[in-house]
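All values derive from a computational prediction rather than experimental measurement.
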Amino acid sequence: MKLAHLPLRVSIGAYILNSGLTKRNLEGEAAQGMHGMAVAAVPQLGQLEPARFAKLLSYSEMALGAALIAPFVPATLAGLGLTAFGVGLVQLYLKTPGMREAGSVRPTQQGSGLAKDVWLVGAGLTLVLEGLTHGRRHH
């Protein structure tokens, strides 16, 4: 891991890892609420039962967080994972009713929490691009 990537990867990785850890035992209404929002954005997720979805999301977040923190995971790979995760959250923001002002991409008060996840896409793409272009400069 490049020293310049350390603050970005550790801060985002620790946050996502913690998020996954807190979802480990989600059941009942909490799992149903999270699942319902996800299904609204990606209808195919309706095939999963809410508790299973919550477990898969928890494990995915823990794996992504750990990959971002782990120094041996290449920037390109960590960035691809972060970009995919961020795109999923942005899709959730765009497709969930009440998150945006009418006819706009500007967030409502409720949507601010999800709208900020566009930064994860930017951070992920930065890692991918830097990882892809770093090798070219030295060859």
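Under a hydrophobic clustering in which Ile, Leu, Val, Met, Phe, Trp and Tyr are joined whenever their side-chain heavy atoms come within less than 4.5 Å, directly or via other members, Leu3 and Val10 fall into the same cluster. Clustering ILVMFWY residues whenever any of their side-chain heavy atoms sit less than 4.5 angstrom apart, transitively, puts Leu48 in the very cluster that holds Leu26. Residues Tyr59 and Leu17 share a single hydrophobic cluster, defined by chaining ILVMFWY side chains whose heavy atoms lie under 4.5 Å apart. Cluster annotation: Val87 is not connected to Val128 through the hydrophobic network of ILVMFWY side chains, with a link wherever side-chain heavy atoms come within less than 4.5 Å. A chain of hydrophobic side-chain contacts below 4.5 Å, direct or via other Ile, Leu, Val, Met, Phe, Trp or Tyr residues, connects Leu57 to Val42.
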Going through the distances and angles, do Thr96 and Gln91 end up as a side chain to side chain contact (heavy atoms under 4.5 Å, CB included)?
-> CA-CA 8 Å; Thr96 302; Gln91 183 176 1; over 6 Å; no

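A pairwise comparison of heavy atoms in Ala75 and Gly131 identifies CB-CA, 4.5 Å as the closest pair. Between Ala123 and Ile12 the shortest heavy-atom distance is CB-CD1, 3.7 Å. Between Leu64 and Ala78, the shortest heavy-atom contact is CD1-O, 4.4 Å. Of all the heavy atoms in Pro7 and Ala4, the pair that sits closest is CD-O, 3.7 Å. In terms of heavy-atom proximity, Ala54 sits nearest to Ala31 at CB-CB, 4.1 Å.
Residues Leu6 and Met1 are in side-chain contact: their nearest non-hydrogen atoms beyond the backbone lie under 4.5 Å apart. Put simply, the side chain of Arg9 reaches to within 4.5 Å of the side chain of Leu127, judged on heavy atoms. At a threshold of 4.5 Å between non-hydrogen side-chain atoms, the residues Glu130 and Lys2 count as touching. At least one side-chain heavy atom of Met37 sits less than 4.5 Å from a side-chain heavy atom of Leu92. At least one side-chain heavy atom of Leu82 sits under 4.5 Å from a side-chain heavy atom of Ile16. Between Tyr93 and Asp117, every side-chain heavy-atom pair lies at or beyond the 4.5 Å cut-off.
Side chain of Ser58 to backbone of Gly20: a donor-acceptor contact under 3.5 angstrom is found. In this structure a side-chain-to-backbone donor-acceptor pair under 3.5 Å is present from Thr126 to Gly122. Side-chain N or O atoms of Lys55 include one that pairs as donor or acceptor with a backbone N or O of Arg24 at under 3.5 Å.
For the side-chain contact (heavy atoms from CB on, under 4.5 Å) with Leu89, the qualifying choice from Val118, Leu120, Leu94 is Leu120, the only one to do so.
Between the side chains of Lys23 and Ser19, at least one donor-acceptor pair of N or O atoms lies under 3.5 Å. His35 and Glu49 are not linked by any side-chain donor-acceptor pair at a separation below 3.5 angstrom, with hydrogens and angles left out of the test.
Between the CZ atom of Phe85 and the CG atom of Leu68 there is a distance of 10.0 Å, given to the nearest 0.5 Å. Rounding to the nearest 0.5 Å places CD of Gln109 at 10.5 Å from CD of Glu101. Arg100 CZ to Arg106 CZ: the interatomic distance, rounded to the nearest 0.5 Å, is 13.0 Å.
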